[in-house]
2 protein chains.
Amino acid sequence: MKIKKEVTIYDLAKELNYSPSTISRALNNHKSISKKTIKLIKEAAEEMGYRPNNLAAGLRNNKSNTIGVLISRINRPFMASLISGIEETARKAGYNVLISQSNDKYENEISNCNTLYDSRITGLIVSLSMETVEMEHFQKFVDKGIPIVFVDRVPDNFNSYKVVIDNYTAGYSATKHLIEQGCKRIAHFAGAQHRNVYRERKKGYLDALREHGLPIEDNLMVNFKTLSFEEGNKATKKLLKSANPPDGIFSANDTAAVSAIMCAKKMGVEVPEQLAVIGFNDDPIASIVQPSLSTVSHPASKMGAISAKRILDHSINTYDTGVSEVTVLGTEIIARDSSLKRTKVLESE
Amino acid sequence: MKIKKEVTIYDLAKELNYSPSTISRALNNHKSISKKTIKLIKEAAEEMGYRPNNLAAGLRNNKSNTIGVLISRINRPFMASLISGIEETARKAGYNVLISQSNDKYENEISNCNTLYDSRITGLIVSLSMETVEMEHFQKFVDKGIPIVFVDRVPDNFNSYKVVIDNYTAGYSATKHLIEQGCKRIAHFAGAQHRNVYRERKKGYLDALREHGLPIEDNLMVNFKTLSFEEGNKATKKLLKSANPPDGIFSANDTAAVSAIMCAKKMGVEVPEQLAVIGFNDDPIASIVQPSLSTVSHPASKMGAISAKRILDHSINTYDTGVSEVTVLGTEIIARDSSLKRTKVLESE
DNA sequence: TTAATTTACGCAATCGATTCCGTTAACTAT
DNA sequence: ATAGTTAACGGAATCGATTGCGTAAATTAA
């Protein structure tokens with residue numbers, strides 16, 4: 001098949017009897033080009049079907065107007081919303097978004113990091129993989145003055161921009177919510193403890209118990225690997241069959257929380273009467289399960305938007321190695337049926 | 001802060017006393033460079049921290065090893081899985097993935113199209129926006145020999161690669177499934193009829209009714225705009241309050257189907273006994289709602305993988321304008337509790 | 001009226017990798 | 001031993017946009 005030739009600024013220059021410099025400047029609204037000329041050139045460009053070559057511009061400027069995103073998995077409600085927020089903000093500013101998923105593997109994270117670097121991204125937004133501990137693969141970005149924004153699953157030992165929620169307070173509030181509902185023995189489904197988000201949530205849980213004089217028992221705290229449905233199911237069954245079962249569960253995510261509800265129901269344990277449950281994330285399934293799941297809501301899309309803005313606003317001058325600029329967003333306890341022990345809630349509508 | 005200088009093939013050339021040509025060829029395993037030299041150069045490159053500049057290579061080759069993705073919204077389970085499949089396949093082949101969402105607006109689709117074009121993507125994967133009718137904004141890709149793969153929401157009037165599921169058969173089977181369960185008056189929640197996916201599902205529904213001698217009634221077919229939860233709620237209420245309510249609903253997506261289940265329960269209509277429901281997509285909520293939602297499952301991630309492969313395998317020589325290469329994938333009826341009228345299903349496990 | 005600006009543009013180098021042509025030296029065949 | 005190959009590499013143009021520097025003409029200031 002026949003391939004149409006690309007129209008370049010040189011073609012425009014020849015056609016309009018201007019130099020390529022003038023064409024370039026006109027298209028970028030440079031002030032030293034007269035209004036008339038700009039109008040003329042832009043109209044001709046439009047008519048001739050000119051389209052800028054981002055690769056050429058990027059090469060010259062050594063950046064690509066592209067934001068790189070490095071996350072664990074796309075098909076999780078939180079991540080999808082995060083990306084959605086990033087994409088919207090980036091595109092409004094004329095930026096592209098490159099995505100890559102690590103599938104929670106350290107190795108993939110490194111390799112994706114390199115690929116993104118090779119593409120001369122303007123900035124990088126990262127949510128760490130489950131496995132990641134070492135952080136050297138991010139150093140080259142710092143060395144080059146390329147901003148990195150860590151979101152949600154952030155490192156402890158690396159100075160950079162960070163956008164997080166207040167996991168400690170969220171964990172504290174969720175637990176306190178259960179206590180206020182009358183729970184006396186509250187279990188916790190904890191995520192991998194080397195990831196600060198899960199560690200903070202657990203801290204909040206522990207402090208809430210302490211401050212309210214409730215027992216802290218090792219066998220009420222289950223350390224999950226992935227907080228999957230299956231893991232949740234197994235853990236719930238074990239807890240409920242134990243000699244002294246809990247009357248409340250604070251799960252570090254909704255998936256495991258939902259599995260707890262379903263498992264309890266199957267075992268004839270009433271939720272919330274005998275077992276109150278609160279999750280984390282406010283995934284779509286939370287409002288669908290019955291009884292509907294109380295949870296902690298994230299402003300996921302907003303976190304994405306803020307992260308993107310961090311990159312866009314980043315000026316090389318204000319970037320000082322050794323300083324972390326952390327944005328902490330608030331969360332909200334969504335009290336649904338799965339935790340409301342005292343009052344029977346009327347169905348809305 | 002101090003910015004580290006980039007290491008280029010020229011730096012390597014100077015350091016190793018080779019020409020840039022040789023460095024370039026060595027890094028690409030060109031056959032006319034000796035094994036020894038290749039090894040030497042690669043090791044030096046590694047040690048000096050050389051990283052290729054994709055922009056420069058892209059400019060020279062006039063392509064960027066990047067696949068562009070243009071969809072309506074990322075934060076939908078189907079779309080997220082689709083992208084996930086694309087990303088995995090692309091990355092394995094050393095390609096990057098650029099994403100952009102139209103939010104179902106025609107205008108955004110055009111503008112995103114242009115931005116992706118300007119980035120010299122190797123190929124484009126598209127799921128059309130709800131609004132899109134005209135297709136000229138894709139023409140420039142065809143003119144340039146850049147392959148386009150339409151996925152799921154594909155056009156009727158544009159020749160290109162297409163990856164779809166057999167919506168007609170799926171619609172037919174879903175309806176037939178309800179009929180086999182004893183339904184006599186089956187309603188249909190239909191999506192926007194100018195999008196072929198929804199049109200096909202409806203066709204399948206109609207043919208199934210016809211072939212089984214069931215009544216086709218206009219007031220049993222609801223045309224939705226977005227198949228949202230709210231729309232589904234409203235439609236269900238209206239249907240169930242009508243003089244002659246349906247005993248089955250085939251919804252073109254799960255969201256509306258779930259809303260139907262919840263609405264029915266609230267109104268005291270038993271599911272599936274009085275109202276059987278089957279949805280479409282097999283979203284996570286489908287297995288969480290109670291009774292669990294029967295549905296039609298998509299191989300979303302696989303569709304993404306196939307689409308990406310189409311781009312990767314595309315050779316300019318084999319691309320013939322005027323021909324559509326369509327890949328049709330099968331679907332599967334997932335029979336859960338919401339549609340099983342006859343037999344009471346034992347809870348698994 | 002003349003010097004000092006300002007306006008509006010052109011020249012040419014530059015970004016980094018690729019690749020079409022060579023070229024030299026070593027090697028093989030007859 | 002000489003022509004013919006092959007192996008291994010170098011020179012330099014090229015991709016398209018950007019930009020520091022330079023300049024001629026037009027305008028303003030004194």
Side-chain angles (χ1 to χ4, degrees), chain A residues 3-42 44-45 48-66 94 115 117-122 144, chain B residues 3-42 44-45 48-66 94 115 117-122 144:
Chain A
I3 305 292
K4 260 197 205 163
K5 188 77 177 69
E6 209 92 42
V7 178
T8 72
I9 56 170
Y10 294 94
D11 300 326
L12 284 172
K14 204 163 289 174
E15 183 71 21
L16 301 177
N17 264 31
Y18 276 112
S19 77
S21 334
T22 302
I23 305 290
S24 170
R25 286 194 258 255
L27 293 173
N28 290 306
N29 296 312
H30 195 285
K31 60 185 170 190
S32 79
I33 307 293
S34 72
K35 306 282 178 199
K36 265 193 312 199
T37 313
I38 291 186
K39 184 153 179 280
L40 180 79
I41 291 179
K42 283 194 172 176
M48 291 176 64
Y50 168 79
R51 285 265 99 206
N53 187 324
N54 285 344
L55 295 174
L59 172 59
R60 171 62 215 238
N61 300 327
N62 198 31
K63 59 161 193 162
S64 63
N65 272 58
T66 296
T115 313
Y117 178 83
D118 297 348
S119 296
R120 298 315 189 256
I121 53 175
T122 306
K144 278 272 301 162
Chain B
I3 306 294
K4 259 197 206 162
K5 189 75 177 72
E6 208 92 41
V7 178
T8 72
I9 56 170
Y10 294 94
D11 300 325
L12 284 172
K14 204 162 289 174
E15 184 71 21
L16 302 176
N17 264 28
Y18 276 114
S19 76
S21 331
T22 302
I23 304 291
S24 170
R25 286 194 259 255
L27 293 172
N28 290 306
N29 296 313
H30 195 283
K31 61 186 170 191
S32 77
I33 307 295
S34 73
K35 305 283 178 200
K36 263 194 315 200
T37 313
I38 290 187
K39 185 154 178 280
L40 180 80
I41 291 179
K42 282 194 172 176
M48 291 177 63
Y50 168 79
R51 286 264 98 208
N53 187 322
N54 285 345
L55 295 174
L59 172 60
R60 172 62 217 235
N61 299 327
N62 198 33
K63 60 162 191 160
S64 63
N65 272 56
T66 297
T115 313
Y117 178 84
D118 297 348
S119 297
R120 297 322 189 250
I121 54 175
T122 306
K144 279 272 300 164

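Quick note on labels: first sequence line is chain A, next is B, and so on, each numbered from 1. Small disclaimer: the values here were computed from a predicted structure and weren't measured.
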Does any residue of residues 9-21 of chain A have a heavy atom under 4.0 Å from DNA chain C, and if so, which ones, in number order? N17(A), Y18(A), S19(A), S21(A)

Check the pair I41(A), L16(A) against side chain to side chain contact (heavy atoms under 4.5 Å, CB included), reporting the backbone distance first and the verdict last. CA-CA 8 Å; I41(A) 291 179; L16(A) 301 177; 4.0 Å; yes

Please examine the side chains of T37(B) and R25(B), heavy atoms only from C-beta on, and report whether any two atoms are closer than 4.5 Å. no

I need the CG-C1' distance between L59(B) and dA17(D), as an integer number of Å. 9 Å

What's the CD1-P distance between I23(B) and dC9(D), to the nearest Å? 10 Å

When rounded to whole Å, the CG to P distance for the pair N28(A) and dA8(C) reads 17 Å

Between S21(A) and S24(A), does a side-chain hydrogen bond (donor to acceptor under 3.5 Å, both in side chains) hold up when you go through it step by step? CA-CA 5 Å; S21(A) 334; S24(A) 170; over 6 Å; no

Indicate for each nucleotide in nucleotides 21-27 of chain C, in 5' to 3' sequence, whether protein heavy atoms under 4.0 Å reach the base (B), only the sugar-phosphate (S), or nothing (-). -------

Would you compute the distance between atom NE2 of H30(A) and atom CD1 of I38(A) and round it to the nearest 0.5 angstrom? 9.5 Å

Applying a 4.0 Å non-hydrogen cut-off, can you work out what N54(A) is touching in the nucleic acid: base, sugar-phosphate, or nothing? nothing

Checking L27(A) against I9(A) for the side chain to side chain contact (heavy atoms under 4.5 Å, CB included) test, could you report, in this order, the C-alpha distance in whole Å, the side-chain angles of both residues, the deciding distance, and whether it holds? CA-CA 9 Å; L27(A) 293 173; I9(A) 56 170; 4.1 Å; yes

What contact category does S32(A) fall into here, base, sugar-phosphate, or nothing, at under 4.0 angstrom with non-hydrogen atoms? base

K31(B) NZ to dC9(D) P, straight-line distance once rounded to whole Å: 15 Å

Which part of the nucleic acid, if any, lies within reach of N62(B) when heavy atoms closer than 4.0 Å are counted: base, sugar-phosphate only, or nothing? nothing

Once you round it to whole Å, what is the distance between P of dT18(D) and CG of N53(A)? 10 Å

At less than 4.0 Å, is any side-chain N or O atom of S34(A) found next to OP1 or OP2 of dC9(C)? Yes or no. yes

Could you tell me how far apart H30(B) (NE2) and dG10(D) (P) are, to the nearest whole angstrom? 14 Å

Counting distance only, does the side-chain N/O of S119(B) pair as donor-acceptor with the main-chain N or O of I121(B) below 3.5 Å? no

Salt-bridge criterion met for E6(A) and K144(B) (N-O under 4.0 Å): yes

Assign T8(A) to base, sugar-phosphate, or nothing according to its heavy-atom contacts below 4.0 angstrom with the strands shown. sugar-phosphate

For a quick test of reading the model, state the closest non-hydrogen atom pair linking A13(B) to P20(B) and the distance between them. CB-N, 3.7 Å

What is the distance, rounded to the nearest whole Å, between atom CD1 of I33(A) and atom C1' of dA8(C)? 6 Å

Separation of L55(B) atom CG from dT14(C) atom C1', in whole Å? 15 Å

Check against side chain to side chain contact (heavy atoms under 4.5 Å, CB included), L40(B) and Y18(B): CA-CA 11 Å; L40(B) 180 80; Y18(B) 276 114; 3.9 Å; yes

Could you tell me whether the side chain of N53(A) reaches within less than 4.5 Å of the side chain of R120(B), counting heavy atoms only? yes

Under-4.0 Å side-chain N/O to phosphate OP1/OP2 contact, N61(B) with dC15(D): no

Nucleotide nearest R60(A) (side chain, heavy atoms from C-beta), chosen from dG16(C), dA17(C), dA17(D): dA17(D)

